[in-house]
Amino acid sequence: MATPSKDYDFSAIEPKWQDYWAQNTTYEARDFVDNPTFYVLDMFPYPSGAGLHIGHPEGYTASDALKRFKKAQGYNVLHPMGWDAFGLPTEQYAIKTGTHPAITTKQNVANFTKQLTDLGFTYDWNREVNTTDPSYFKWTQWIFMQLFKKGLAYVEEKPVWFCPDLGTVLANEEVNMTAEGPRSDRGDFPVERRPIRQWVLRITEYAERLIAGLKDLDWPDSTKRLQENWIGRSEGGEITFDIAGHEAQLTVFTTRPDTLYGATYMVIAPEHPLVAKLTTPEQQAAIAAYQEKAKSKSDLERAELSKEKSGFWTGAYAINPVNGKEIPIWVADYVLMTYGTGAIMAVPAHDTRDFEFAKEFDLEIIQVIDDNDSAEKDAEGGLKEAYTGPGSLINSGEQSGKDSESAKKAVIEQLAADNRGKATVNFKLRDWLFSRQRYWGEPFPIVWVNEADYAKADDSLKSVERPVTCEMDGETWFALALPETELPLELPAVESYTPSPDGQSPLSKAGDWLHVYVDPKTGETSTEAKDDWLRGMRETNTMPQWAGSCWYYLRYIDPKNTDALIDPAKEKYWGTPDLYIGGAEHAVLHLLYARFWHHVLYDLGVVSDPEPFKKLFHQGIILGEDGEKMSKSRGNVVNPDVIIKDYGADALRLYLMFLGPLEAMKPWNTKGIEGIARFLRKVWRLIVAEDGSVHTKIGATDTLDPETARVLHATIKKVTEDYTALGFNTAISQMMICINQLSKAEALPKQAVESFLQLLAPLAPHQAEELWERLGHSSSIALSGWPKHDESKLVQDTVKIIFQVNGKYRGDAELPADVSKDDAIAAAKAHERVQSFVDGKTIKKEIYVPGKIVNIVAI
RNA sequence: GCCUGAGUGGCGGAAUGGUAGACGCUGGGGAUUUAAAAUCCCUUGCCAGUAAUGGCGUGAGGGUUCGAGUCCCUCCUCAGGUACCA
């Protein structure tokens with residue numbers, strides 16, 4: 001059965017072993033066996049028409065190698081793969097060609113599967129998932145239903161980013177600010193603001209837990225920080241101001257209640273509901289024009305346009321609750337309606353933005369925190385810039401003298417007694433815009449009915465605590481969730497995948513699907529009218545691509561379950577992934593959304609741990625040979641298929657891992673892969689003689705010479721450690737050192753060579769299997785276990801001791817490994833060159849680092 | 001501006017506070033070959049020197065230490081993220 005070839009012919013060897021692993025289900029994960037489990041998860045790809053990018057195999061090689069390593073160590077390893085297949089490009093292609101996205105998806109998946117197989121990745125394809133498969137998205141819809149019933153979903157008409165070219169709404173995160181204005185992240189088309197009916201998920205209700213949960217995760221620190229900043233927790237207080245001559249009050253959020261005495265004016269956002277009420281007739285025209293201007297800008301644009309402060313006085317005054325001071329209320333767009341309460345108390349002395357605004361409009365600046373002379377002052381002693389640091393309070397009535405930290409509490413307590421303030425926590429995080437006006441996404445399992453019908457429907461179909469309503473054509477509609485028996489709700493066939501010009505989903509044109517009758521008791525639906533059934537209309541929005549990727553790692557554990565999202569016993573057996581490998585571009589969105597859903601599923605009792613990804617690793621980006629990001633337009637894209645054809649999958653896998661640390665961004669270098677190819681040929685020649693038989697020097701002896709044994713055991717040790725820590729580049733270096741050493745030996749015990757192959761197998765599995773077979777084994781190297789190093793083989797009789805004088809190398813000597821301090825120092829002093837540097841000087845100190853260094857300090 | 005990272009030969013990169021440059025690529029020289037591929041050997045941080053050897057050297061400047069690429073402080077550059085978040 002062995003390939004007769006005497007040469008290392010990867011093009012014959014690699015398919016042979018890929019078939020072998022598939023047929024023997026070598027890497028199948030088995031539920032409930034006694035071995036310890038190890039679940040290694042890759043971020044599943046979007047199966048685009050372009051095929052695999054070189055970035056995919058980088059992370060996937062690491063996980064495949066780790067999987068094989070863990071398997072060899074006796075773990076029951078789960079390493080699955082699937083497809084994040086809903087998405088815009090497929091839909092765009094459908095619009096252009098009329099091909100149903102499901103057909104395109106199927107083709108792309110087939111292509112991706114082949115490419116992954118060619119790379120020698122042995123995923124457990126029994127567990128393959130596809131987000132567009134109804135048996136999968138049934139459960140995506142089911143999760144949404146739970147969110148809906150828990151009151152975590154609502155509908156709102158919001159001005160959202162709309163991209164006319166893509167014909168869809170985009171989330172804030174999918175829009176980039178550029179010099180040419182706001183543009184879509186995908187495709188780089190211009191986008192604008194439009195009010196559209198949207199589903200929104202209350203991720204903000206989990207903000208506190210999402211922050212707190214980060215603490216114990218083994219994630220890159222930078223990623224944790226990114227999520228922290230994104231959620232943006234700030235502690236502070238809300239303070240309520242009376243308005244002179246008005247019933248209404250204004251509540252502000254501030255992180256600096258301690259500076260309240262320094263509040264010299266207030267600012268409300270142009271969109272603030274009280275603007276019209278507060279504006280005096282004289283100011284009316286100016287304010288209205290300003291509001292109009294602000295409306296045309298978005299939050300992002302406001303930030304992008306010059307930071308010059310603009311605004312107008314409303315003509316009204318607020319009353320500072322601590323000292324009764326009347327302060328003017330301004331409207332300015334540097335205050336955002338979407339953060340805090342949309343209103344602020346301005347303390348120009350201690351806030352940079354307020355300071356700039358006050359300077360611009362000549363407003364009063366009162367310093368209330370002592371800067372201890374650390375801030376720059378003008379001739380009159382006024383601040384030249386805001387002092388934002390801590391200090392003790394001045395000009396602050398009864399609070400004067402306190403330090404700013406304790407004053408924060410004191411001021412809030414003082415106000416609380418009067419019901420004018422309370423301590424609060426504010427978040428930057430906003431609720432998650434969860435709908436798209438697209439065809440190729442999960443339909444919402446929602447039917448809209450009128451108010452009278454809603455009253456007739458069973459509570460089990462409702463969000464009881466927080467009914468969800470929307471306005472359509474001047475009527476109020478109420479949302480009912482479909483029962484589990486109605487799932488999956490599949491996509492209807494449509495004639496055109498193009499959204500309507502007003503931005504509504506293509507589903508809004510699927511008449512037969514759109515209009516349904518609902519059984520008020522069970523939620524069962526029918527296209528036919530029935531007695532007492534409610535007449536309803538299906539939701540036409542679809543879910544964003546994030547929906548399917550929010551929970552796929554759970555489905556791998558129990559992919560074929562038709563009765564539940566996941567069997568609790570299997571969930572407990574496998575737990576959450578032990579390692580999650582994927583790009584840092586998902587540091588915020590995917591990883592935050594998935595954590596949110598997982599927390600909700602935890603609350604529902606579906607999973608037994610609140611956090612889904614305990615350990616996360618980001619592989620770096622591979623740049624083109626020119627050191628620039630790979631892109632078609634640059635022409636520096638490396639195609640994995642071509643590399644496999646020229647050098648083989650093993651060489652590509654090894655080289656991807658040898659380029660540098662897995663997490664680093666590093667340039668590709670086609671010349672460099674030659675070195676790896678050379679290494680693989682060397683391994684081959686060590687075992688296969690010129691006539692194609694096993695080399696006669698293998699097994700010609702039972703013992704290794706001490707030096708070769710030392711190198712081999714050092715290699716076993718280092719490779720084992722490095723694989724565990726994903727330090728593949730240094731593991732490969734060590735294996736190169738080892739093969740160079742083994743090649744020198746005249747005779748080798750068979751076992752030494754086998755140990756080496758076992759180390760190599762995770763990264764170059766095809767060649768390792770082939771050579772393993774040629775050494776006479778009939779079963780896979782995957783089942784052969786993992787070598788253990790023998791510490792005693794690492795011990796050397798003599799060690800090289802470095803001699804330094806004043807910290808500089810001046811010589812060395814081989815000394816007995818157990819040489820005493822005195823003997824080592826004596827040996828150093830006896831050394832000719834050391835003497836020449838010590839001569840005529842006084843020895844101040846002698847240091848001996850056992851087994852390493854003697855340092856003589858002489859002046 | 002703020003938050004992360006990162007700056008080491010011609011290049012990718014190694015170095016629990018202990019000989020900086022492992023391993024690989026590239027370059028130079030040689031062996032083998034009719035020739036080529038493949039393979040093998042020597043060499044390859046900079047400066048001086050035939051050499052032995054000496055001096056310099058991890059973005060810059062300080063500091064701690066017997067000893068610093070590694071720890072501390074200040075600064076510079078680059079990459080990624082984020083931005084009027086009160």
Side-chain angles (χ1 to χ4, degrees), chain A residues 7 177 220-226 228-230 232-234 236 252-256 259 267 269 299-300 302-309 332-336 338-347 350-354 356-357 426-430 584-585 587-588 620-621 623 625 627 629 654-655 658-661 663-679 681-682 685 727 729-738 740 743 800-812 833 836 844-858:
Chain A
D7 296 323
M177 281 310 304
D221 223 41
S222 55
T223 304
K224 284 200 203 182
R225 206 53 77 83
L226 230 50
E228 249 172 57
N229 291 344
W230 191 266
R233 185 182 193 278
S234 342
V252 303
F253 171 74
T254 179
T255 54
R256 297 292 304 271
T259 63
V267 183
D299 295 356
L300 285 170
R302 284 198 210 169
E304 173 62 21
L305 294 171
S306 71
K307 306 256 174 181
E308 269 170 42
K309 299 285 182 288
D333 68 1
Y334 81 92
V335 171
L336 309 175
T338 46
Y339 184 78
T341 62
I344 62 158
M345 64 177 211
V347 185
H350 305 293
D351 181 279
T352 321
R353 295 148 304 173
D354 297 344
E356 283 170 22
F357 193 82
N426 219 314
F427 294 94
K428 268 200 264 188
L429 184 70
R430 315 215 183 133
E585 67 274 17
V588 177
I621 295 170
L623 304 171
E625 264 182 291
K629 236 178 178 167
L654 274 168
Y655 187 56
F658 187 61
L659 275 173
E663 68 275 20
M665 180 187 281
K666 54 224 169 230
W668 176 266
N669 176 0
T670 300
K671 280 256 172 66
I673 201 172
E674 296 282 0
I676 289 293
R678 219 164 278 159
F679 165 69
R681 284 194 293 265
K682 215 172 210 175
R685 282 199 319 274
N729 55 332
T730 46
I732 296 166
S733 297
Q734 184 63 40
M735 287 192 282
M736 286 172 167
I737 293 169
C738 188
N740 289 342
S743 301
K800 190 183 188 182
I801 303 290
I802 307 302
F803 300 149
Q804 295 182 337
V805 178
N806 295 333
K808 284 212 161 109
Y809 171 82
R810 297 301 175 192
D812 57 63
R833 274 164 61 203
S836 70
K844 291 271 182 194
K845 204 167 181 180
E846 294 161 342
I847 293 141
Y848 175 57
V849 182
K852 283 186 178 149
I853 270 183
V854 173
N855 189 13
I856 295 170
V857 184

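Numbered from 1 within each chain, the chains take letters A, B, ... in sequence-line order. None of the values given here were measured: they were computed from a predicted structure.
Taking atom CG on A/Asp333 and atom P on B/C84, their separation rounds to 11 Å, with Å as the unit. Atom CG in A/Leu226 sits about 7 Å away from atom P in B/U82, given to the nearest Å. Across the protein-nucleic acid pair, A/Trp668 atom CH2 and B/C11 atom C1' stand 15 Å apart, rounded to whole Å. The distance between atom CZ of A/Phe679 and atom P of B/C40, rounded to the nearest whole Å, is 13 Å. Across the protein-nucleic acid pair, A/Asn229 atom CG and B/A83 atom C1' stand 11 Å apart, rounded to whole Å. Distance CD (A/Glu585) to C1' (B/A79): 15 Å, rounded to an integer number of Å. The nearest whole Å value for the distance from the CZ atom in A/Arg810 to the P atom in B/A52 is 16 Å. To the nearest angstrom, C1' of B/C3 lies 14 Å from CH2 of A/Trp230.
Phosphate proximity of B/A38 to A/Arg681: absent, as no side-chain N or O sits under 4.0 Å from OP1 or OP2. At the phosphate of B/A86, neither OP1 nor OP2 sits under 4.0 Å from any side-chain N or O atom of A/Lys309. Phosphate contact (OP1/OP2 of B/C3, side-chain N/O of A/Arg225, threshold under 4.0 Å): absent. For A/Arg833, no side-chain nitrogen or oxygen approaches OP1 or OP2 of B/A52 to under 4.0 Å. When the side-chain nitrogen and oxygen atoms of A/Ser234 are compared with OP1 and OP2 of B/A86, one or more of them lie within a distance under 4.0 Å.
Comparing B/U32 with B/A20, their P atoms are spaced 39 Å from each other, to the whole Å. B/C25 sits 23 Å from B/U16 when the P atoms are compared, rounded to a whole Å. Taking atom P on both B/G27 and B/A38, the two are 12 Å apart, rounded to the nearest angstrom. B/G28 and B/C78 have their C1' atoms separated by 33 Å, with the value rounded to a whole Å. Spacing between B/G59 and B/A79 at atom C1', rounded to whole Å, works out to 15 Å. For the P atoms, the distance from B/G57 to B/G10 is 16 Å, rounded to whole Å. Spacing of P atoms, B/G63 relative to B/C11, comes out at 31 Å, to the nearest Å. Comparing B/A31 with B/A35, their P atoms sit 11 Å apart, to the nearest whole Å.
Base pairing analysis places B/C40 opposite B/G30; the two distances defining the Watson-Crick or G-U wobble pair are each below 3.5 Å. Across every strand in view, B/C56 sits in a pair with B/G45 that passes the Watson-Crick or G-U test at under 3.5 angstrom. Under the Watson-Crick and G-U wobble criteria, each requiring two contacts below 3.5 Å, nucleotide B/G80 is paired to B/C3.
With sequence neighbours left out, A/Asn806 forms a side-chain contact (heavy atoms from CB on, under 4.5 Å) with A/Val857. Shown here are the side-chain contact (heavy atoms from CB on, under 4.5 Å) partners of A/Pro850, two or more places apart in sequence or in another chain: A/Tyr848.
At the heavy-atom level, A/Pro220 lies nowhere under 4.0 Å from the strands shown.
The cationic atom of A/Lys309 (NZ for Lys, CZ for Arg) does not lie both less than 6.0 Å from the six-membered ring centre of A/Phe357 and within 45° of the ring axis.
B/G9 shows a glycosidic angle within 90° of 0 and is accordingly assigned syn.
With rounding to the nearest 0.5 angstrom, the NZ atom of A/Lys844 is 15.0 Å from the CD1 atom of A/Ile856.
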Is there a side chain to side chain contact (heavy atoms under 4.5 Å, CB included) between A/Lys428 and A/Trp230 once you walk through the steps? CA-CA 7 Å; A/Lys428 268 200 264 188; A/Trp230 191 266; over 6 Å; no
In sequence, state the C-alpha distance, the side-chain angles, and the governing distance for A/Asp351 and A/Ile344, and then conclude on side chain to side chain contact (heavy atoms under 4.5 Å, CB included). CA-CA 11 Å; A/Asp351 181 279; A/Ile344 62 158; over 6 Å; no
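Of the candidates B/G12, B/U4, B/C84, B/G12 carries the atom nearest the A/Lys666 side chain, counting heavy atoms from C-beta on. Of the listed nucleotides (B/C3, B/A38, B/A86), B/A86 has the atom at the smallest distance from the side chain of A/Phe253. Listed candidates were B/C84, B/C56, B/A86. Nearest to the side chain of A/Thr255 is B/A86.
Side chains of A/Phe679 and A/Phe658 form no contact here, defined as non-hydrogen atoms less than 4.5 Å apart.
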Scan nucleotides 15-33 of chain B nucleotide by nucleotide, 5' to 3', and note B when protein non-hydrogen atoms come under 4.0 Å of the base, S if they reach only the sugar-phosphate, - if neither. SB-BB--BBSSS-------
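Summary of the strand contacts: A/Val588 and A/Ile344 both lie near RNA chain B, and taking for each the nucleotide with the nearest heavy atom, the more 5' one is attributed to A/Val588.
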